[in-house]
Every structure is written in structure tokens, then in C-alpha cells.
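Structure, as C-alpha cells:
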Amino acid sequence: MDSRSILAEIPRLRRYARALLGDRAAADDLVQDTLERAWSRIDQWRVGSDLRAWLFGIMHNLRVDQLRRPPPPTRPVEEGDCDLPTRPTQTDGLELKDLESALNQLPDEQREVVLLVALEDMAYADIAAMLGIPAGTVMSRLARGRERLRQIMAGLAETPASRLRVVR
Amino acid sequence: MNPNTVKESDLHAYVDGALPAPEREAIARLLAELPGEAKRVRDYQEQKQAINHLYGATLDEPIPDRLRAMATPPHLPDSTASAALPHGHPGRLPSWSLQRIAAGILIAILGGAAGWMAHGQYPSAERIAAAVPLPRQAAIAHAVYSPDVRRPVEVSGEQEEQLVTWLSKRIGTPVKPPKLGKLGYELVGGRLLPGNIGPVAQFMYQDGTGQRLTLFVSTENTANQETAFRFAQEGPVNVFYWIDGKFGYALSATIDKGELARLATAVYEQIEGK
């Protein structure tokens with residue numbers, strides 16, 4: 001593992017983190033933590049194995065750890081206290097914004113699989129190995145996530161959602 | 001398979017292009033008769049494209065410096081890397097650094113072994129790059145020994161025969177100090193010195209005023225075969241040098257260039273004319 005191959009993976013890590021968290025700064029924080037943990041566990045890296053899968057796996061585990069931990073104490077920022085940098089959204093199509101908010105409505109575990117398949121075109125088996133879950137679970141999360149997303153986008157989220165919950 | 005349904009997992013594998021050709025074609029035939037499922041497949045495909053479209057631009061964004069810095073190992077004394085690490089671990093030696101040190105030692109050993117093996121095959125090609133150039137060697141030797149009043153040489157010029165025999169034997173080739181008496185310089189003596197890869201010889205001369213002159217004789221030359229006179233200046237020491245086959249000669253003194261050139265010409269004529 002060398003710096004150049006790590007550098008080559010950063011854009012993909014950022015994209016996935018960005019889609020997963022829906023927040024640019026938080027995504028880059030997650031990528032930074034991921035790389036830091038990767039270097040601290042470099043002895044676990046097996047030469048010749050898939051660097052991308054390894055880094056994505058580290059990112060997933062970090063995210064799981066973060067979700068388990070209680071959020072750090074924060075003080076709400078009053079409106080006008082400071083100018084918070086925000087992502088420019090003028091060019092976003094209405095539909096894409098809807099898609100983003102729809103994605104955010106998915107449970108984490110479903111969003112994760114949907115995004116890995118969509119953005120990384122990762123094989124189901126590879127996702128299963130990376131997340132440490134059975135292949136069947138990957139498939140059911142993907143199916144539920146995609147269908148839920150479809151329903152939300154079609155404006156049909158309410159009724160089918162309750163039906164889906166029964167299935168789960 | 002029930003001809004009227006598509007397995008959910010097959011449907012998604014179809015969307016993701018993860019099916020082998022025969023199965024893919026079978027699903028496509030089924031979907032042609034199942035408009036509801038076909039619509040779902042199209043929706044999922046569009047959904048996948050839309051997600052890619054939504055986040056695709058992130059791939060082309062420049063990587064922020066703080067992340068770029070993380071591509072290098074955190075312990076490297078890279079100022080940008082350490083500056084970009086908000087929570088570095090000063091003083092802590094990461095467990096993997098030992099492996100890296102071990103790897104570094106191994107590389108050094110392998111490199112040394114490779115160099116040793118290459119040594120026979122490619123004589124001194126790499127050594128020449130690292131070697132001290134002839135005029136510099138000569139100038140340093142001159143600067144070190146010529147000011148020495150009591151022991152400027154190892155073997156005095158009064159025992160010239162012994163000096164010649166000894167130096168010739170040690171250098172592995174006959175060497176003989178030129179006679180510069182007609183130019184006012186008498187042989188003081190000579191000494192053996194370490195060169196870049198082995199012994200080299202230095203002869204010292206002195207004129208009536210105590211001005212000293214040294215002739216540096218090396219047999220280490222392998223690179224070029226040129227014989228032209230060259231002039232070099234190392235601090236106060238002027239050096240005329242030339243190369244003849246494996247021999248390198250350098251005449252050094254703190255006298256002006258013109259006079260040194262005259263002496264060098266005489267030395268050259270005696271050595272090359274012998």
C-alpha cells in the first residue's frame with residue numbers, strides 16, 4: 001500500500017461518505033478518520049487484496065462506532081451567529097434534491113447498501129464480506145431500500161411504508 | 001421457476017447487470033410479459049443513474065489538503081502531513097513503524113547485496129558517481145600535508161629508491177616521481193593515501209622559499225579516457241590534472257595558475273614521455 005494508491009481512492013471515499021451522511025464537512029471528517037485508522041492498522045492490510053474494499057470496510061466500521069456512541073455535547077448555533085458554509089444548491093434539479101432527501105429517509109443500513117451498489121457497483125458478495133453480513137441480508141436491504149426510495153419519489157411513501165414495516 | 005414471477009434477487013441482479021447472459025435473457029423475456037415488474041426494473045435503473053448523477057461531481061472535486069496529507073503515513077516528517085493532522089500522536093511510535101523500520105533495513109541489505117553483486121559486473125559505474133573527484137582529492141591531500149613542517153611525507157626523497165619501490169608495490173603499478181630540479185623544485189618525499197577504492201600516491205616537492213607542490217597519482221580511473229589538461233580550484237589550492245588510461249594525475253599548489261601550468265607541463269612531459 002503506498003500513498004499514490006491511497007490518494008486514488010480518496011475521491012470515491014469522499015463521494016460515498018458524502019452520499020451516506022448527506023453533509024460535505026461531516027463526510028470529509030469521516031474520510032479523514034478512515035485514513036487515520038487505516039494507517040494505524042496498516043499491519044492488517046494484506047498485500048494484493050482490494051484496497052478500496054478494505055478502506056470502505058474501515059469507513060463502515062467507523063460509522064457504526066460513531067452511531068453507537070452518544071453524540072458529542074453541542075450548543076445550537078443561533079441563526080445569524082456566524083455564516084455557516086453551505087453547499088451551493090442553485091443548480092440542483094428539484095428532482096435530485098428530492099432524491100437526496102428521499103435517501104436520507106432510508107434507514108442507515110438500507111441506504112448503505114443502495115449507495116454501495118449504485119455508486120461503487122460493488123458485487124453483492126463483496127458488500128456482504130465488507131459489512132460482515134450474509135449475502136441474503138445484502139439483497140433484502142437492497143430490495144427494501146430501492147423500493148422504499150421508489151415509493152418516496154413517487155409520492156407514495158406513507159401507505160407502502162407501513163406495509164413494508166410488516167414485512168420486516 | 002414460476003413462469004409468471006421474477007425472483008426479487010434476480011430482478012435486482014438484472015438491474016445491476018450482475019447476471020450471466022443466459023439468465024439475463026430469460027429475465028428479459030419474462031419482463032416483457034410482466035409490465036408491472038418491467039416498470040419496477042426501469043425505476044430502479046433510473047434511480048441508480050440519478051444517485052450517480054447526484055453525487056458524481058464529488059469525484060471531480062479537488063481533494064482537500066487535509067485529506068491529501070492523509071495519503072502519506074502520519075509519522076513521516078512531512079510538514080504538510082503533520083500540520084494537517086488535528087489530532088496527531090506526538091511521541092507515540094505506531095506499532096507498524098517497527099515493521100517499516102524492518103522493511104527499511106531489509107531494503108538496505110538487499111540494496112547492499114545487489115550493489116556488491118553488481119560490482120563485478122559493472123565496475124565502479126555507481127562508485128564513480130559517489131566518488132570524490134580527482135582534483136578535489138588531490139587538493140584536500142595537498143591542504144592536509146603540505147603545511148606540515150616536521151612530517152610532510154612518510155618516506156623522504158633522500159631514499160627515493162625505497163620510496164619508488166614501496167609506492168609502486170602498494171599501488172600495484174610502477175610509479176616514479178618526475179624530476180623538477182630544473183624548475184627549482186626538489187623532491188621532499190612521498191606517502192601513501194587512501195583513494196576512493198584503494199591506495200593512491202602523493203609526491204611532495206619544495207622550492208628554495210619553502211613553497212610546496214604535490215603530485216597526486218591515482219590508478220582508480222575507469223570512467224573516461226581523456227588526457228586533456230584540466231584546471232580546478234579548491235579554495236586557495238590550484239590544481240592541474242589530467243587522465244591517462246587508468247592513471248589520474250593532479251598537480252596542486254598555492255601558486256598562481258600560470259606558474260603551476262608551466263610545472264604541470266614539465267611533469268606531463270616527463271611522465272608521458274618516459
Side-chain angles (χ1 to χ4, degrees), chain A residues 1-19 24 27-29 31-36 38-45 91-93 95-100 102-103 114-115 117-119 121-125 135-136 139-140 142-143 146-147 149-150 153-154, chain B residues 6-13 15-19 39-76 78 81 84-89 92-100 102-103:
Chain A
M1 178 157 110
D2 60 304
S3 299
R4 196 181 303 168
S5 36
I6 288 197
L7 202 60
E9 298 301 336
I10 290 180
R12 285 173 171 277
L13 289 167
R14 289 184 79 207
R15 177 176 69 169
Y16 174 64
R18 166 99 176 72
R24 175 170 306 228
D28 282 353
D29 284 348
V31 173
Q32 183 167 348
D33 290 346
T34 299
L35 295 173
E36 201 170 38
W39 281 118
S40 74
R41 295 178 180 193
I42 195 73
D43 52 331
Q44 292 172 13
W45 157 251
T91 54
D92 281 4
E95 212 169 295
L96 291 183
K97 240 196 277 185
D98 284 352
L99 176 61
E100 191 160 26
L103 273 168
V114 167
L115 289 173
V117 170
L119 294 174
D121 243 332
M122 217 178 258
Y124 304 148
M139 189 52 80
S140 65
L142 178 67
R146 277 181 165 166
E147 183 57 20
L149 210 52
R150 191 172 85 101
M153 294 302 285
Chain B
V6 179
K7 254 168 65 187
E8 189 70 12
S9 57
D10 283 345
L11 187 140
H12 287 280
V15 167
D16 295 317
L19 289 176
K39 170 82 166 69
R40 222 153 54 91
V41 165
R42 278 198 306 279
D43 283 353
Y44 291 161
Q45 282 168 340
E46 280 169 19
Q47 191 185 91
K48 193 173 174 179
Q49 279 176 8
I51 290 173
N52 265 293
H53 182 55
L54 178 60
Y55 298 110
T58 312
L59 283 187
D60 300 324
E61 284 177 17
I63 299 173
D65 286 346
R66 64 170 171 138
L67 295 185
R68 185 173 288 275
M70 291 301 294
T72 44
H75 79 296
L76 285 184
D78 176 347
L85 280 174
H87 26 272
H89 309 286
R92 199 186 71 178
L93 194 65
S95 57
W96 43 266
S97 68
L98 286 177
Q99 291 195 330
R100 299 192 146 239

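Just so we're on the same page: letters track the sequence lines, and every chain starts at 1.
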Kindly indicate whether the side chain of [X], heavy atoms from C-beta on, has any atom under 4.5 Å from the side chain of [Y].
X        : Y        : answer
B/Glu8   : A/Met139 : no
A/Asp121 : B/Lys48  : yes
B/Thr58  : A/Pro11  : no
A/Ile6   : B/Arg68  : no
A/Gln32  : B/Pro64  : no
B/Val15  : A/Arg146 : yes
A/Leu142 : B/Asp16  : yes
B/Ile51  : A/Glu100 : no

Shortest non-hydrogen contact from [X] toward [Y]:
X       : Y        : answer
B/Leu67 : A/Ile10  : O-CD1, 3.4 Å
B/Asn52 : A/Ala118 : ND2-O, 2.7 Å
B/Pro73 : A/Ser3   : CD-OG, 3.9 Å
B/Met70 : A/Trp39  : O-NE1, 2.6 Å

### Query
Checking heavy atoms, do the side chain of A/Leu13, its backbone, both or neither come under 4.5 Å from chain B?
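Answer is neither: A/Leu13 stays 4.5 Å or more from chain B.
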#### Entry: Segment of A/Tyr16 engaging chain B (4.5 angstrom heavy-atom cut-off)
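A/Tyr16 has no heavy atom closer than 4.5 Å to chain B.
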### Task
Measure distances from B/Glu61 to the heavy atoms of chain A and classify the residue's part below 4.5 Å as side chain, backbone, both or neither.
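Backbone plus side chain of B/Glu61, per the 4.5 Å heavy-atom cut-off to chain A.
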### Task
Against chain A, label B/Ala57 side chain, backbone, both or neither, depending on which of its atoms sit under 4.5 Å from a heavy atom there.
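Neither part.
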### Task
For A/Leu99 and B/Tyr55, run side chain to side chain contact (heavy atoms under 4.5 Å, CB included): C-alpha distance rounded to whole Å, both residues' side-chain angles, the deciding distance at 0.1 Å, then the answer.
CA-CA 11 Å; A/Leu99 176 61; B/Tyr55 298 110; over 6 Å; no
### Query
Is there a donor-acceptor contact under 3.5 Å linking the side chains of B/Gln47 and A/Arg150?
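No, A/Arg150 and B/Gln47 have no side-chain donor paired with an acceptor closer than 3.5 Å.
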### Message
If the threshold is 4.0 Å, N to carboxylate O, is there a salt bridge linking A/Arg15 and B/Asp60?
### Response
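Looking at B/Asp60 together with A/Arg15, the answer is no, because their closest N to O distance does not fall below 4.0 Å.
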### Task
Sort out for me which of B/Gly17, B/Gly56, B/Ala13 touches chain A most, counting heavy-atom pairs under 4.5 Å.
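Looking at each option in turn, the highest pair count goes to B/Ala13.
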